[in-house]
Amino acid sequence: MTGGGIFFWNEHIQTDDVAEASQRAMLYSIQYSWPAEQNGFAHFVVQMKDAWCSSAVLSTIVHLSRILFYVPHCAFIVYLASFNESMAVLQDNRVKFIGQYDAKHKISRNMAGCDVLTVMTTLSSEAAVKGSKARFRSFVSHVEHRFRSSSIIRASGRVLTLKTNKKECEGIAWSLAQLQEVHWIECSRPRTKRNQFSKTSLTPGNLPYNLDAIFARGINGSGEVVHLADSGIDVDHCFFRDSQRTLVFNKVDREHRKLLVYWTGKHGDAFDSIGGHGTHVAGTIGGSLEEDTWHPLANFSGIAPACKLAFTDAEKQTASDGDGNFLLDDIPNSIYLKPYEEAGARVHSHSWGTQDFSYTVDAQELDDFIYRHPDAFFAWAAGNDGEQERFTLIASPASAKNCLSVGATFAALDSSLMAKEDGGEVRPSLCPLLV
């Protein structure tokens, strides 16, 4: 990371030349009007010096339970209980900077046309910290009472999703940003399908490698469970059908040759057309014929034909080709944790995302899950926006730091293409050449 500033999601604060005297003056200015709105605590951002850049070091100054989030570079959002505690932080020689976490730092730049807000809180409905669940419920009730013209769509984990209207959205976001319980606010964008061109690029003759040579080395998905969430699977398709087993939806069946489990979910309908998006994606990953035959369709088996699939249906078909957006509730639990624990899925592949090209709550929740489950691997479609000449953008959740974001090009570009996020950060992505 270049420079010594703090890189909020929507602003860069230069801290190299901020004198200690000015930081001290800021703390004195709020001494008698301590901005304590949550059990006596107030939000601050604390930046450590490079030699002590870790939450472990900061936890010797501030209790670990009050270190909320990391912010590049070497900074942390923390709760402080009093003016005296804030002064003690400032005076520690391992600390470079302390400042208030202002409301303006909490609101995404990408709010145009927004009518659904995603609010990441500093609380949690699932935290082990005593009283956290009760405080989260109290906060949800407060939001419901204060913004009566809006409705809550989701309230789980650390996240609250609020349906409002475009006219009031900006004002509601600013009001929410004033609350100590609020960490970040962004517009919730629809989750749409990816893999727009992969059907043509993954046909025999277009592949830049020999799959048979890879399979001959035993690399065929054997012993692996791959989870995906999509529009549905045509379970009678020859790539997924098992003539010896009757598929029972929402039940794990380890004897089924291909579909270990098919969760219909709250918004699914256990249906997909033969040409549907989910059927196509599932086939690309692990489709295979029931018997090892010389049938011509065997040429179209998936990349990992010996794997089993765990599937979450995320769309009710509104048309024969399934044109609707994906509806997913509580993604960390229903899309990440449930397949991980109940199906044993350690590999996850998703071909959907939003039209937000920044580091969003979806991306943060994905990073948090992978941090807590380091044996999980996620591959995510980078987007379908090349035809709009948006080659250098990765759509969320593929903008997460710990997943593999996958794109492709038909042009003769360098395969080490670096993709740039909306915030300006450059990160590597897998971009196979399909010339």
- Query: So do Cys74 and Cys53 have their SG atoms closer than 2.5 Å?
  - Reply: yes

Under 3.5 Å, is there a donor-acceptor pair linking the side chains of [X] and [Y]?
X	Y	result
Thr15	Gln47	yes
Asn250	Thr264	yes
Asn402	Asp367	yes
Thr360	Asp362	no
His267	Asp313	no
Ser396	Arg189	no
Tyr70	Ser55	no

Just by distance, do the side chain of [X] and the backbone of [Y] share a donor-acceptor pair under 3.5 Å?
X	Y	result
Ser59	Ala56	yes
Lys49	Phe97	no
Lys308	Gly223	no
Ser175	Gly171	yes
Thr122	Glu181	yes

- Message: Please evaluate residues Ile152 and Glu144 with respect to the criterion side-chain contact (heavy atoms from CB on, under 4.5 Å), reporting the C-alpha separation (whole Å), side-chain torsions for both, the decisive distance (0.1 Å), and the verdict.
- Response: CA-CA 7 Å; Ile152 293 177; Glu144 285 180 317; 3.2 Å; yes

Of all heavy-atom pairs between [X] and [Y], which one has the smallest distance, and what is that distance?
X	Y	answer
Pro305	Ser288	O-OG, 3.3 Å
Ala382	Ala398	CA-CB, 4.0 Å
Met26	Ile98	CE-O, 3.7 Å
Thr354	Ala395	O-CB, 3.2 Å
Ala343	Leu260	CB-CD2, 3.7 Å
Leu179	Lys106	O-NZ, 3.0 Å

- Task: Please report the C-alpha distance between Val95 and Leu90 in whole Å, then the side-chain angles of each, then the deciding distance to 0.1 Å, and finally whether the side-chain contact (heavy atoms from CB on, under 4.5 Å) criterion is met.
- Result: CA-CA 6 Å; Val95 172; Leu90 174 63; 5.9 Å; no

- Any chance you could lay out the side-chain hydrogen bond (donor to acceptor under 3.5 Å, both in side chains) test for His277 and Asp272, step after step, and finish with the verdict? CA-CA 8 Å; His277 188 267; Asp272 200 33; over 6 Å; no

Using 0.5 Å steps for rounding, measure from the [atom1] atom of [X] to the [atom2] atom of [Y].
X	Y	atom1	atom2	value
Ile233	Lys258	CD1	NZ	10.0 Å
Ile394	Trp380	CD1	CH2	13.5 Å
Phe136	Ser156	CZ	OG	6.5 Å
Asn165	Lys163	CG	NZ	7.5 Å
Glu186	Gln364	CD	CD	10.0 Å
Phe147	Glu168	CZ	CD	10.0 Å

- Message: In this structure, is the centre-to-centre distance between the rings of Tyr101 and Phe44 below 6.0 Å?
- Response: no

- Ring centroid separation Phe311 to His227 under 6.0 Å: no

- Query: Step by step, would you call Thr164 with Asp115 a side-chain hydrogen bond (donor to acceptor under 3.5 Å, both in side chains)?
  - Reply: CA-CA 5 Å; Thr164 177; Asp115 61 357; over 6 Å; no

Between [Y] and [X], is there a side-chain heavy-atom distance shorter than 4.5 Å?
X	Y	answer
Val78	Leu68	no
Asn333	Asp330	yes
Pro397	Arg191	no
Leu123	Arg158	no
Ile13	His105	yes
Val46	Met48	yes
Leu309	Phe240	yes

- Task: Please determine if Arg346 forms a cation-pi arrangement with Phe377, meaning its NZ or CZ atom is less than 6.0 Å from the six-membered ring centre and no more than 45° off the ring axis.
- Result: no

- Considering residues, nucleotides and ligands other than Glu170, do more than 12 of their heavy atoms fall under 6.0 Å from its CD?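 Atom CD in Glu170 is not crowded, with 12 or fewer foreign heavy atoms closer than 6.0 Å.
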
- Considering residues, nucleotides and ligands other than Arg94, do more than 12 of their heavy atoms fall under 6.0 Å from its CZ?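 Result for CZ/Arg94: enclosed.
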
- Item | Worked check of ring-ring contact (aromatic ring centres under 6.0 Å, His included) between His373 and Tyr340 | CA-CA 9 Å; His373 304 85; Tyr340 181 93; 4.8 Å; yes

- Message: Please evaluate residues Arg154 and Thr118 with respect to the criterion side-chain hydrogen bond (donor to acceptor under 3.5 Å, both in side chains), reporting the C-alpha separation (whole Å), side-chain torsions for both, the decisive distance (0.1 Å), and the verdict.
- Response: CA-CA 9 Å; Arg154 171 193 171 188; Thr118 295; over 6 Å; no

- Task: With side-chain hydrogen bond (donor to acceptor under 3.5 Å, both in side chains) as the test, would you mind laying out the steps for Ser358 and Arg109 before giving the verdict?
- Result: CA-CA 10 Å; Ser358 61; Arg109 295 173 298 180; over 6 Å; no

- Show your working on salt bridge (Lys or Arg N to Asp or Glu O under 4.0 Å) between Glu85 and Arg66 and close with a plain yes or no. CA-CA 12 Å; Glu85 186 177 27; Arg66 293 199 261 126; 2.9 Å; yes

- Task: In sequence, state the C-alpha distance, the side-chain angles, and the governing distance for Asp16 and Lys96, and then conclude on salt bridge (Lys or Arg N to Asp or Glu O under 4.0 Å).
- Result: CA-CA 8 Å; Asp16 285 341; Lys96 177 180 179 180; 2.6 Å; yes

- Query: Under the criterion ring pair (Phe, Tyr, Trp, His ring centres under 6.0 Å), which of Phe8, Tyr79, Phe69 is the partner of His183?
  - Reply: Phe69

- Message: Suppose we screen for side-chain hydrogen bond (donor to acceptor under 3.5 Å, both in side chains). Which residues come up paired with His348, at least two apart in sequence or across chains?
- Response: none

- Would you check, one step at a time, whether the test side-chain contact (heavy atoms from CB on, under 4.5 Å) holds for Ile285 with Leu228? CA-CA 9 Å; Ile285 295 170; Leu228 65 153; 4.2 Å; yes

- Task: Just do the side-chain contact (heavy atoms from CB on, under 4.5 Å) check on Thr161 and Val119 with the steps written out, would you?
- Result: CA-CA 6 Å; Thr161 305; Val119 181; over 6 Å; no

